[in-house]
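Computation of the quantities below employed the complete heavy-atom set of this structure, encompassing side-chain atoms and omitting hydrogens, waters and symmetry-equivalent molecules.
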Amino acid sequence: MLQYPLNLQFNIATLANDFSIKDASGKTIFYVRQKMFKLVEEVNVYADESKSLEAYTIQANKWLDFSATYTFKRANGTEIGKIARKGWASVWKTRYDIFDASGKQDLLIQEENAWIKVLDALLSEIPLLGIFTGYFFNPSYNVTRSDGTFVAKMKKNPSFFGRKFTIEKGNDFQSGEEERMILGFMMMILMERYRG
């Protein structure tokens with residue numbers, strides 16, 4: 001059982017998009033790596049920074065479009081779910097749907113305040129002022145079930161250079177939800193990485 005809150009921090013000292021997720025005790029539970037200068041086609045998730053044990057892969061569908069879908073697989077190849085960015089719905093307010101292994105949509109990740117996205121985009125274009133947007137504009141994302149039940153929240157923490165996030169648990173998870181939610185946040189962070 002994971003100890004919340006979980007802390008996610010990007011490694012700014014490498015030439016790759018990589019980050020670690022640690023539980024409340026400081027123990028690394030996952031290390032995520034995606035090679036730089038490549039489309040987000042496949043993401044490797046390891047049990048720790050040594051990369052000796054692959055836990056999951058997240059793979060894009062063959063057809064990449066504005067609403068691309070990404071499949072979560074365990075190391076043994078078992079498919080456990082998918083995440084899909086809601087194309088036009090995400091232009092104003094970031095939204096991702098998470099599906100279970102049978103293809104049923106069971107979780108929704110949605111940005112809490114769309115104005116943060118707008119202000120971040122506008123001010124990041126202003127010379128000198130743009131470097132401060134990562135410190136002042138920090139989006140939050142709520143995870144809910146299809147019936148609207150609040151499950152968890154992820155918030156970007158203020159930082160000038162690195163990107164740090166905290167995941168807080170809201171309610172008890174149903175079967176498989178926690179696993180899909182964490183994988184969903186991993187993929188969403190990589191897709192939204194150019195913000196803040």
Do [X] and [Y] share a hydrophobic cluster, counting only Ile, Leu, Val, Met, Phe, Trp and Tyr and linking them when any side-chain heavy atoms are less than 4.5 Å apart?
X	Y	answer
Val143	Leu108	no
Ile21	Ile58	yes
Phe99	Ile80	no

Straight-line distance of [X] [atom1] to [Y] [atom2], nearest 0.5 Å:
X	Y	atom1	atom2	result
Asp100	Gln174	CG	CD	11.0 Å
Tyr56	Phe30	OH	CZ	4.5 Å
Asp18	Tyr46	CG	OH	10.5 Å
Thr69	Asp97	OG1	CG	9.5 Å
Lys153	Ser140	NZ	OG	5.0 Å
Gln105	Leu107	CD	CG	7.5 Å

> Checking Gln3 side chain against Pro5 main chain: does a donor-acceptor pair fall under 3.5 Å?
Replying inline: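 It does not hold such a pair.
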> Hey, is the main chain of Phe150 close enough, under 3.5 Å, to the side chain of Asn171 for a donor-acceptor pair?
Replying inline: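 Present.
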Minimum heavy-atom distance [X]-[Y], with the two atoms named:
X	Y	answer
Glu54	Thr57	OE1-CG2, 3.4 Å
Glu42	Gln34	O-CG, 4.3 Å
Met181	Ala152	SD-CB, 3.4 Å
Ser175	Arg180	O-NH2, 3.7 Å
Ala24	Tyr4	CB-O, 3.6 Å

>> Among Arg85, Gln110, Glu111, which residue satisfies the side chain to side chain donor-acceptor pair (under 3.5 Å) criterion with Thr94?
In response: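 The side chain to side chain donor-acceptor pair (under 3.5 Å) with Thr94 is passed solely by Glu111 among Arg85, Gln110, Glu111.
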Would you say that [X] contacts [Y] through its side chain, given a criterion of any heavy-atom pair below 4.5 Å between the two side chains?
X	Y	answer
Ile98	Phe72	yes
Glu177	Arg145	yes
Asn7	Lys164	no
Phe19	Arg163	no

> Does the side chain of Thr78 come under 3.5 Å of the side chain of Asn76 through a donor N or O and an acceptor N or O?
Replying inline: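 Thr78 vs Asn76: donor-acceptor pair found between side chains.
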Sequence neighbours excluded and cut-off under 3.5 Å, please list the side-chain donor-acceptor pairs for residues 182-189, or say none.
none

> What's the verdict on side-chain contact (heavy atoms from CB on, under 4.5 Å) for Phe10 and Leu8, showing C-alpha distance, side-chain angles and the deciding distance?
Replying inline: CA-CA 7 Å; Phe10 274 82; Leu8 185 157; 4.1 Å; yes
> So Arg74 and Glu179, side-chain contact (heavy atoms from CB on, under 4.5 Å) or not? Walk me through it.
Replying inline: CA-CA 10 Å; Arg74 291 195 184 108; Glu179 188 177 33; 3.0 Å; yes
